[in-house]
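Report on one structure; see the data block that follows.
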Amino acid sequence: MTAPIDALVVNDISQHIWPLGAKRNSDGALEISGADVRDLGKKYLTPLFVLDETDLLSRVRKYLKSFASQTHGNKLTKPTQIFYASKAFTATRFIELIVKEGMGIDVASEGELRVALAGGCKPENIVFHGNNKSLEELEFALDKGVGIFAVDSFFEIARLAQYSKKRNVKAKVLVRVTAGIEAHTHDFVATAHEDQKFGFSLAAGDADEAVRIVIKEENLHFLGLHSHIGSQIFDNKGFEIAATRLAELSLRIVKEHNVQIEMLNLGGGMGIAYVESDAPLAIEKMASELVDIVHKLFTSNGLAMPQLAFEPGRAIVGPAMITLYTVGTTKNIQLENGDKRTYVAVDGGMSDNIRTALYGAQYSVALASRLSNAQPMLSRIVGKHCESGDIIVKDCYLPSDLVPGDLLAVAATGAYNRSMSSQYNLVTRPGVISVNNNKITEILRKETYQDVFATDPGL
Ligand SMILES: Cc1ncc(COP(=O)(O)O)c(C=O)c1O
């Protein structure tokens with residue numbers, strides 16, 4: 001990290017990273033959609049996830065407007081479907097908000113499916129994912145009338161066909177294809193990513209074979225193809241390569257079986273800004289480019305344009321949520337180059353944000369309970385867990401007058417933070433509240449020790 005940096009920058013709540021409703025109020029404290037974080041911290045206790053509902057809804061609407069409600073100059077005959085990838089974050093009241101706007105839901109387990117249904121998502125608007133769906137999960141989903149099964153293995157196709165037959169239904173199936181590409185941010189690796197657990201390999205001919213089997217099965221309806229190439233993607237290059245490969249496969253399918261590819265689901269992975277230098281493509285631009293890409297690929301091959309579908313998770317909820325922490329202790333260390341760095345320990349850590357330890361993720365942080373003009377100090381935000389890798393923000397600047405009791409806010413923690421949280425060291429997992437113009441809704445209450453000990457018969 002390069003110095004120098006001034007106090008003004010340290011206090012900045014940049015709209016590029018923070019939710020729409022985040023700003024400093026007249027006291028200098030951070031406010032989320034009209035609610036002062038000092039009040040939220042007192043009432044709901046930290047660590048606390050705070051969702052800016054206005055930000056969330058604006059993102060949901062932008063996605064629906066850019067994709068679902070456009071024909072893109074009549075290139076699309078059916079509205080594009082958006083399935084929110086609920087692995088990013090899910091809770092009943094949260095799903096209610098999204099479903100009301102018109103989004104479908106992507107689930108990857110029976111638990112996520114139960115929440116999607118409880119949140120009011122119609123079963124026909126659900127895509128069920130997973131490389132190892134259990135027999136019970138498949139039966140449960142069929143009984144609930146789940147709309148689309150993204151099949152991931154030959155075993156699953158056989159099981160789904162058998163259970164559908166037993167129920168005398170015809171399950172709609174997308175064949176998940178490993179397109180041989182892995183994309184992260186603006187990097188992508190084509191051809192190199194066959195070696196992973198998801199989907200049917202194109203290179204090995206498994207995808208062609210899976211489609212053949214699905215088409216033959218009386219109780220399965222072949223809907224189309226699915227591919228998910230990665231995460232935190234900033235441009236369309238990776239999607240273009242995947243779409244090209246799926247279009248080639250589609251041509252083979254149409255020729256061999258004389259069926260239509262009704263749906264082409266290109267998955268999720270749209271990136272967001274965690275730090276100032278992150279520059280994801282605007283969603284409007286991403287949408288129109290993607291439609292153009294698929295339209296060109298399909299029509300130039302004489303194929304009918306399929307209905308498009310996408311599964312954004314991070315891009316919907318990531319930027320809309322922040323985590324609020326209370327500073328507990330600090331410690332100064334001298335680096336080898338003579339510089340100083342301050343370890344700032346907060347009341348959460350890798351139990352509510354595993355992404356830094358897992359992927360080296362970067363985050364932006366701000367002193368949230370007040371404004372400070374003190375000299376910025378190089379800091380590392382760490383948690384309270386018994387791991388030296390328990391780091392939330394590796395390098396950042398915070399005011400040097402930071403004291404225990406100050407509140408810190410970490411931006412863009414909506415996706416894969418609470419949903420990947422743990423009770424490591426037997427901590428209680430944080431609550432999630434949503435704020436809309438100072439109206440507060442509890443989305444998930446903070447756990448109690450009773451919750452944590454619920455499965456220990458000795459306690
Ligand atoms: C099949 C599938 N769809 C969608 C997503 C959502 O990805 P993101 O949250 O990066 O948009 C994932 C993430 O792992 C996925 O595996």
Side-chain angles (χ1 to χ4, degrees), residues 56 59-60 62-64 66-67 80-90 94-95 98 103-109 112-113 116 125-133 137 141 146-153 156 173-179 181-188 193 196-200 207 223-236 238-239 242-243 246 263-274 278 280-281 283 286-287 290 308-321 354-355 358-359 361 412-420:
L56 172 79
R59 264 164 228 287
V60 168
K62 212 185 261 185
Y63 261 80
L64 291 171
S66 308
F67 281 107
T80 299
Q81 262 191 288
I82 303 289
F83 300 98
Y84 165 69
S86 65
K87 69 206 79 182
F89 173 74
T90 193
F94 179 83
I95 293 292
I98 289 188
M103 277 202 175
I105 305 291
D106 148 4
V107 300
S109 69
E112 287 178 9
L113 173 54
N125 293 334
I126 294 177
V127 183
F128 193 11
H129 273 287
N131 66 308
N132 185 16
K133 303 174 187 82
E137 284 179 317
V146 160
I148 302 174
F149 290 81
V151 296
D152 212 298
S153 71
E156 186 188 347
V173 167
L174 287 176
V175 171
R176 179 163 178 173
V177 177
T178 313
I181 170 162
E182 161 93 335
H184 290 290
T185 310
H186 39 261
D187 294 329
F188 61 89
H193 218 71
Q196 51 125 328
K197 71 172 184 168
F198 293 110
F200 292 97
L223 189 65
L225 303 173
H226 176 281
S227 132
H228 172 79
I229 55 170
S231 61
Q232 209 26 11
I233 299 166
F234 283 1
D235 60 38
N236 282 329
F239 285 114
L246 294 190
M263 178 179 276
L264 186 73
N265 184 331
L266 290 176
M270 296 77 180
I272 63 169
Y274 286 99
D278 287 339
L281 194 61
I283 191 56
M286 191 172 234
L290 281 172
L308 291 180
F310 294 93
E311 298 164 345
R314 183 192 316 274
I316 301 296
V317 69
M321 227 188 266
I354 191 67
R355 293 190 63 259
L358 204 55
Y359 316 118
T413 56
Y416 307 105
N417 282 238
R418 183 58 172 78
S419 69
M420 284 187 169

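All ligand and atom numbering here is 1-based and tracks the order in the structure. We're numbering straight along the sequence, starting at 1.
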**Pairing residues for S109 by the side-chain contact (heavy atoms from CB on, under 4.5 Å) criterion, not counting sequence neighbours** = E112, E137

**Request:** Only counting residues at least two apart or in another chain, list the ones meeting side-chain contact (heavy atoms from CB on, under 4.5 Å) with N125.
**Result:** Q81, C121, K122

**Asked** In chain order, what residues pass the salt bridge (Lys or Arg N to Asp or Glu O under 4.0 Å) check against R59, with sequence neighbours excluded?
**Response** D55

**Prompt:** For D152 and K197, what are the C-alpha separation, side-chain angles and deciding distance, and is it a salt bridge (charged side-chain N to carboxylate O under 4.0 Å, His left out)?
**Reply:** CA-CA 9 Å; D152 212 298; K197 71 172 184 168; over 6 Å; no

Give every pair made of an N or O atom of ligand 1 and a protein N or O atom lying under 3.5 Å apart, one pair per line with both atom names and the distance to 0.1 Å, or write 'none'.
{"residue": "ligand 1", "atom": "3 (N)", "partner": "D106", "partner atom": "OD2", "Å": "3.4"}
{"residue": "ligand 1", "atom": "3 (N)", "partner": "E311", "partner atom": "OE1", "Å": "2.7"}
{"residue": "ligand 1", "atom": "9 (O)", "partner": "R314", "partner atom": "N", "Å": "2.8"}
{"residue": "ligand 1", "atom": "9 (O)", "partner": "Y416", "partner atom": "OH", "Å": "2.5"}
{"residue": "ligand 1", "atom": "10 (O)", "partner": "G269", "partner atom": "N", "Å": "3.4"}
{"residue": "ligand 1", "atom": "11 (O)", "partner": "G269", "partner atom": "N", "Å": "2.8"}
{"residue": "ligand 1", "atom": "11 (O)", "partner": "G313", "partner atom": "N", "Å": "2.9"}
{"residue": "ligand 1", "atom": "16 (O)", "partner": "K87", "partner atom": "NZ", "Å": "3.4"}

**Asked** Does F198 have R176 sitting over its ring (NZ/CZ under 6.0 Å from centre, angle to axis within 45°)?
**Response** yes

**Side chains of F234 and D278 in contact at under 4.5 Å (non-hydrogen atoms)** = yes

